Amino acid sequence: MQTEISNLSYIIFDLGGVIIDLDVEATYQAFAQLSEMPLDRVKEFAASEEFFKQYERGEIDDPTFRAHLREGLRFTGGEALLDEAWNAMLGPIAAERFKKLEELANNYSLFVMSNTNEIHVRRFLQIARHTSPHKDFYDYFKQVYLSQEVGARKPEPKAWQVILDDHGLIPSQGLFIDDNLSNINAAAALGLNTYHNQSVNDWMKLF
């Protein structure tokens, strides 16, 4: 569902593939190198194991997540190498995206709803500080919602409902931007207007 931009009062952004460059394939390749498993087997492992989703919901902590990774990848090396492979998917944030967010904040309430985890957040904030050293990432938004903090991950309805409830928002007055079509469809089912971001900078052309 699309809307006229003039009818909006708020925008909810995804992070990966919208605010920050995302290359999931880079993590698959890094896992394959650590484990010496074929790439297709690594992808099957990542797609089938429930602990990845549990970690994003905050149901397991960092050490438990790493333990599951070690078991699945048969990796016995250092923790830093494991975290580095997991973070390999996180790319840069173009400065022009921060500039656009500052412009949009003059007219809209800005939020984030991201499926993420504690290891990624620590790295993501380092990347953000590199691009925006004079302004904290959280200060670009009215509020940032992270899946491991709210206990729900997209496309579960609670991931958006907590934002709507916390701020008394009307779904039809909001726009949700994400690069994942299943998340887009779930948000639309709640009455939100949506934009499927197929290339990381596409959303900036809307405004």
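Just so it is clear, the structure is predicted and the values come from calculations on it, not from any experiment. Positions are given from 1, in the same order as the sequence printed here.
Atom CG in Leu125 sits 5.0 Å away from atom OH in Tyr138 (nearest 0.5 Å). Within the model, atoms CG of Asn87 and OG1 of Thr27 stand 7.5 Å from one another, a figure rounded to the nearest 0.5 Å. His68 NE2 to Phe45 CZ: the interatomic distance, rounded to the nearest 0.5 Å, is 9.5 Å. A distance of 9.5 Å separates CG of Leu69 from CG of Leu34, quoted to the nearest 0.5 Å. In this structure, CD in Gln54 is found 9.5 Å from CD in Glu49, a value given to the nearest 0.5 Å. We find the NE2-CG distance between His196 and Asn183 to be 9.0 Å, quoted to the nearest 0.5 Å.
Classification of the Phe207-Trp203 ring pair by plane angle, with boundaries at 30° and 60°, yields perpendicular. Ring pair Phe137/Phe124 is perpendicular by interplanar angle, where above 60° counts as perpendicular and below 30° as parallel. Using the six-membered ring where Trp is involved, Trp160 and Phe176 have ring planes that are perpendicular, over 60° apart on the 30 and 60° scheme. Ring geometry for Tyr145 against Phe111 counts as tilted: the plane angle lies between 30° and 60°, on a 0 to 90° scale. Using cut-offs of 30° and 60° on the angle between ring planes, the pair Trp86 and Phe65 is tilted.
When each of Gln148, Glu156, Glu149 is paired with Arg57, the side chain to side chain donor-acceptor pair (under 3.5 Å) condition holds for Glu156 and for no other.
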Legend entry - salt bridge (Lys or Arg N to Asp or Glu O under 4.0 Å) evaluation trace for Glu96 with Lys99: CA-CA 5 Å; Glu96 62 186 349; Lys99 182 178 179 181; over 6 Å; no

Evaluate Asp61 against Thr64 for side-chain hydrogen bond (donor to acceptor under 3.5 Å, both in side chains), listing each step before the verdict. CA-CA 5 Å; Asp61 60 12; Thr64 304; 2.7 Å; yes

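Looking at Gln126 and Arg122, their side chains never come closer than 4.5 Å, going by heavy atoms from C-beta outward. For the pair Leu8 and Asn193, the minimum side-chain heavy-atom distance is below 4.5 Å. Proximity of Leu164 to Pro171: side-chain heavy atoms (C-beta onward) are separated by under 4.5 Å at one or more points.
Arg97 has a carboxylate O that lies under 4.0 Å from a charged side-chain N of Asp21, or vice versa, which qualifies the two as a salt bridge. Remark: Glu84 engages Arg123 in a salt bridge, criterion side-chain N to carboxylate O under 4.0 Å. Contact check on Lys154 versus Glu56 returns no salt bridge, with no Lys/Arg side-chain nitrogen under 4.0 Å from an Asp/Glu carboxylate oxygen.
Judged purely by atom type and a 3.5 angstrom limit, Asn115 has no side-chain atom pairing as donor or acceptor with the backbone of Arg153. Ser132 contributes a side-chain N or O that, together with a main-chain N or O of Lys135, makes up a donor-acceptor pair within less than 3.5 Å.
Within a 6.0 Å radius of CD in Glu59, more than 12 heavy atoms belonging to other residues, nucleotides or ligands are found. More than 12 heavy-atom neighbours from other residues, nucleotides or ligands sit within 6.0 angstrom of CD on Glu50.
The two residues Leu110 and Leu101 come nearest to each other via the heavy atoms CD1-O, 3.4 Å.
Aromatic ring centroids of His167 and Tyr10 lie 6.0 Å or more apart.
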